[in-house]
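Order of the sequence lines fixes the chain letters, A, B, ..., with proteins taken first and strands second; residue numbering starts at 1 for each chain. This one's a predicted model, so the numbers in the text were calculated from it and none came from an experiment.
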There are 2 protein chains.
Amino acid sequence: MIRIGEVAERTGLTPRTIRYYEEIGLLPGPPERRKGEHRAYDDDDVERLSELTRLRDLLNLSLEELKQLVEAEEARAAIRKQFRESDSDAERLQLLDLALPHVETQIGLVRRRMEELKRLEAELVEKRKSILARKRELAS
Amino acid sequence: MIRIGEVAERTGLTPRTIRYYEEIGLLPGPPERRKGEHRAYDDDDVERLSELTRLRDLLNLSLEELKQLVEAEEARAAIRKQFRESDSDAERLQLLDLALPHVETQIGLVRRRMEELKRLEAELVEKRKSILARKRELAS
DNA sequence: TGCTAAACTAACGTTGACGTAAGAATGAAG
DNA sequence: CTTCATTCTTACGTCAACGTTAGTTTAGCA
């Protein structure tokens with residue numbers, strides 16, 4: 001178990017930011033904790049925060065939008081827990097079917113973003129080509 | 001020549017936003033204009049604004065960072081003007097050499113961003129694969 | 001058991017990126 | 001020349017996403 005200071009160091013965030021994320025419901029938040037006690041985190045929490053900021057930066061999501069994704073993620077976490085405790089295979093299959101669309105959603109977001117970037121890149125490369133062409137023309 | 005309202009419609013921005021961009025020095029801004037007179041834009045300005053917002057959204061740049069790129073762009077515009085008025089080929093070659101790095105910079109930014117997205121996509125696809133694998137295992 | 005770095009809560013402050021309201025001025029059309 | 005939609009400037013308002021005190025409290029250690 002580690003404390004908020006170390007989490008901050010390892011994620012590149014500040015303690016304030018981490019508390020703020022918890023405040024707005026972005027983190028599952030250590031619910032087992034009496035007011036005033038120090039928050040306790042583990043490596044998974046660090047991992048989670050890192051992924052959140054990655055999504056935020058790469059997809060340009062607001063914290064509110066991020067929250068939507070997170071709620072889906074939390075549902076998945078709950079599902080995983082149930083999954084491990086589950087006994088019948090039929091039930092397990094059903095849980096996996098629930099987990100899948102969340103991942104698909106994220107993949108879709110990432111791919112759309114990549115498409116836009118590819119278009120932009122193509123246009124820039126075209127621009128460069130035209131400059132280089134004019135250079136060759138002058139050099140001849 | 002068109003006015004700010006039409007520019008707003010065609011770019012999807014608001015007049016206020018366009019004025020704001022001028023205010024912080026993001027736009028070359030119609031310098032030829034006495035205080036109180038209506039701003040006059042042309043198709044190039046619309047194009048420019050569209051590209052700016054695209055860069056802002058896709059690369060997640062702050063207006064301040066965007067300004068850096070723009071200043072480079074403005075330098076390029078100045079260069080193009082000089083280019084057309086220039087007479088000696090040697091001088092023209094030199095101007096093209098000045099224009100090139102600006103485009104390269106942008107290409108670099110876009111590509112770095114794409115790399116990060118590709119990594120993220122790969123991880124997500126991996127996640128999905130693992131879910132599907134477990135499904136197949138259960139179904140057997 | 002006492003010390004101190006680190007964490008806690010509560011509350012106000014800040015910054016970027018605009019929104020909005022008010023009143024005056026512009027400019028294309030009739 | 002009048003009309004009137006649009007634009008102008010000025011200035012205060014707002015919202016997200018934290019930053020920054022201030023005054024306590026906790027918890028690892030000598």
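Summary of the strand contacts: Glu37(B) and Leu61(A) both lie near DNA chain D, and taking for each the nucleotide with the nearest heavy atom, the more 5' one is attributed to Glu37(B). The nearest heavy atom of DNA chain D to Leu63(A) and to Pro15(B) marks one nucleotide each, and the one closer to the 5' end goes with Pro15(B).
For the pair Met1(A) CE and dA7(C) P, the interatomic distance rounds to 16 Å; values are reported in whole Å. Distance, Arg34(A) CZ to dA27(D) P: 9 Å, rounded to whole Å. Here the P atom of nucleotide dG27(C) and the CD1 atom of Ile4(B) are 14 Å apart, to the nearest Å. When rounded to the nearest whole Å, the span between CZ of Arg16(A) and P of dT9(C) equals 11 Å. Spacing between atom CD1 of Ile24(B) and atom P of dT15(C) amounts to 16 Å, rounded to whole angstrom units. The distance between atom CD of Glu64(B) and atom C1' of dT14(C), rounded to the nearest whole Å, is 17 Å. Following rounding to the nearest Å, Glu23(A) (CD) and dA16(D) (C1') show an atom-to-atom distance of 12 Å. The distance between atom CD of Glu22(A) and atom P of dC8(C), rounded to the nearest whole Å, is 9 Å.
Between dG19(C) and Thr17(B), a contact under 4.0 Å exists linking OP1 or OP2 to a side-chain N or O. Not one side-chain nitrogen or oxygen of Arg56(A) sits closer than 4.0 Å to the OP1 or OP2 atom of dA16(D). Look at Arg39(A) and you'll find a side-chain N or O under 4.0 angstrom from OP1 or OP2 of dT9(C).
Set against dC18(C), dG19(C), dA17(D), the side chain of Tyr20(A) has dA17(D) as its closest nucleotide. Looking at the side chain of Arg3(A), the nearest of the listed nucleotides dC8(D), dA7(C), dA17(D) is dA7(C).
Between Leu61(B) and Leu69(B) there is a side-chain heavy-atom pair separated by less than 4.5 Å.
Counted within 6.0 Å of CD on Gln94(A), heavy atoms from surrounding residues, nucleotides or ligands total 12 or fewer; the atom is thus considered open.
Using a cutoff of 4.0 Å between basic side-chain nitrogens and carboxylate oxygens, Glu23(B) and Arg16(B) are scored as salt-bridged.
Formation of a donor-acceptor pair under 3.5 Å by the Asp45(A) side chain with backbone atoms of Arg48(A) is not found in this model.
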